[in-house]
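What follows is a short report on a single structure.
All ligand and atom numbering here is 1-based and tracks the order in the structure. Residue numbers run from 1 in the order of the sequence given.
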Amino acid sequence: MRAPGSIPGIGRLIGELEALAQISEAAPPVVTRIVFSEADMRARAYLRGLCEEAGLSLSQDAVGNTFARWQGSDPSLAPIATGSHIDAIPNAGLYDGCVGVLGGLEAIRVLKQMGFKPRRSIELVIFTAEEPTRFGIGCLGSRMMANALTPAKARALLDKDGRGLEELRAQAGFTGQLESVAVKPGRFHKFLELHIEQGPHLEAEGLDIGLVTHIAAPASQRIVIEGEGGHAGGRLMPGRKDALAAAAELVLALEAAARSTGAIDTVGTVGVCDVFPGAVNSIPSRVAITTDVRDIDRARRDSVLDALGKTTEAVAARRGVTITTELINADPPTTCDPEILNALENSARAANKKYKRMVARAYHDSSFVSCFAPTAMLFIPCRGGVSHRPDEYASPEWIGGGVHVLSRTLAALAS
Ligand SMILES: [Zn+2]
């Protein structure tokens, strides 16, 4: 392949990224593209057009996941797949997700132009609704492919206006049975996702590529503590059932449990604390907190939840308060596929790119694809680590480097 930085078509790719960014619910440079919005539909049509121009054959599933296939010489073999998402949270930029979709398409076009003939088919995937904006649940399309969200639960999803997934997907033209979205292991032989880092490390260290070895995943809970309110002066300390004092014990217990694993990858956070009635002279009677615990190791993450659960019981008994815990989600951490990582490393070396192995701290469609296919990710730098903002930026060199490594790796895996 060609020398780094001289990928044919990088100007074409940058132009397409910029054109896609124009398809937005907000005035440029702000990108807002909520799933099944008019902008999302136009963006999907734009992508389908580019895929057809590239000679790929298109299919879509019942929730709108889109597959663009370059048929290999042995169609009986499961394809190598790559892709990401094109939906964007309100007030976002133009690289998150889109680099993995348009960059994946560019990698395929480069291979075609070079006359490469894949043995395995290569598939570009555009996942529906990686962002949780509309339905409050992230990675909708890949989650359903992994059957980590059942069709029954998907049918119950509503947006803030009370419009359901069923109504919205039908209006968008996706009408099949939701039961048909889940795929079997073997649907993809391997899957890899190109994505901006959304953190500062690659740029700060002067690196071109991050090879993602693990994707951390969160478990989050809502914990409600019911105590007894009263006048802050009239009620003396003996016998008080202060819900906030009980919550404070839980906050510190979570911090201690996350530290106690001794692993740098274990993190625990309480980011919400609602105090009722919230008056300076009133004992808190009801407090709701949320906990977010993340790790790359599921057992270790769940051990933090167990430790917090034990403290919760002890605090409830000792203080005479009622504590209820609701698990909001517990998503699977991912260990990336060593074979793909080796192929990526060989490609990065051959392309003369500076790289390191690293952990992804935010989750991605890859998290769910890894439930049914060997998966890995490659990161490229983004300026200042900024993402989910209009000033998100990745340079053409960074993007070109990522596409170069991706195309070499697709070729190696599909041969
Ligand atoms: Zn993303």
Side-chain angles (χ1 to χ4, degrees), residues 13 16-17 20-21 23-24 30-35 37 39-40 43-44 47 63-66 81-107 124-146 148 191-203 209-212 214-218 294 331-334 336 358-370 375-394 398-399 402-403 406:
L13 170 57
E16 288 167 353
L17 280 164
L20 181 56
I23 307 175
S24 169
V30 174
V31 180
T32 299
R33 216 162 31 234
I34 311 300
V35 65
S37 65
D40 180 41
R44 287 168 181 268
L47 258 300
V63 78
N65 291 316
T66 299
T82 188
S84 194
H85 61 98
I86 58 166
D87 65 318
I89 63 163
N91 205 43
L94 68 101
Y95 301 91
D96 175 8
C98 300
V99 161
V101 172
L102 284 167
L105 175 62
E106 182 60 23
L124 177 70
V125 189
I126 307 165
F127 295 103
T128 286
E130 194 266 351
E131 304 290 1
T133 313
R134 185 149 210 168
F135 296 112
I137 185 167
C139 300
L140 178 65
S142 52
R143 195 184 286 267
M144 291 192 70
M145 286 178 74
F191 175 81
L192 62 167
E193 181 175 5
L194 169 66
H195 206 282
I196 58 169
E197 183 195 354
Q198 301 181 291
H201 303 291
L202 292 175
E203 184 192 32
I209 298 285
L211 309 179
V212 176
H214 297 82
I215 308 170
R294 296 174 189 236
D331 291 322
T334 301
C336 291
M358 63 188 296
V359 168
R361 306 274 170 200
Y363 74 3
H364 297 279
D365 290 308
S366 285
S367 305
F368 290 94
V369 176
S370 74
T375 295
M377 295 187 75
L378 68 155
F379 278 171
I380 57 168
C382 57
R383 187 177 61 197
V386 165
S387 182
H388 281 190
R389 281 179 14 195
D391 56 342
E392 183 180 85
Y393 178 74
W398 289 337
I399 295 170
V403 171
L406 176 63

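- Ion pairing of Arg143 with Asp331 is present here, as a side-chain N (NZ or NE/NH1/NH2) and a carboxylate O approach within less than 4.0 Å.
- At least one N/O/S atom of His195, whether from backbone or side chain, sits less than 2.8 Å from the Zn ion (ligand 1).
- When the N, O or S atoms of Asp96 are ranked by distance to the Zn ion (ligand 1), OD1 comes first.
- As for His85, its N/O/S atom nearest the Zn ion (ligand 1) is the one called NE2.
- With Ile126 as the fixed residue, the side-chain contact (heavy atoms from CB on, under 4.5 Å) test singles out one of Asp365, Asp87, Val101: Val101.
- Side-chain contact, His195 with Asp96: a donor N or O sits under 3.5 Å from an acceptor N or O.
- Within 6.0 Å of CZ in Arg383 there are more than 12 heavy atoms belonging to other residues, nucleotides or ligands.
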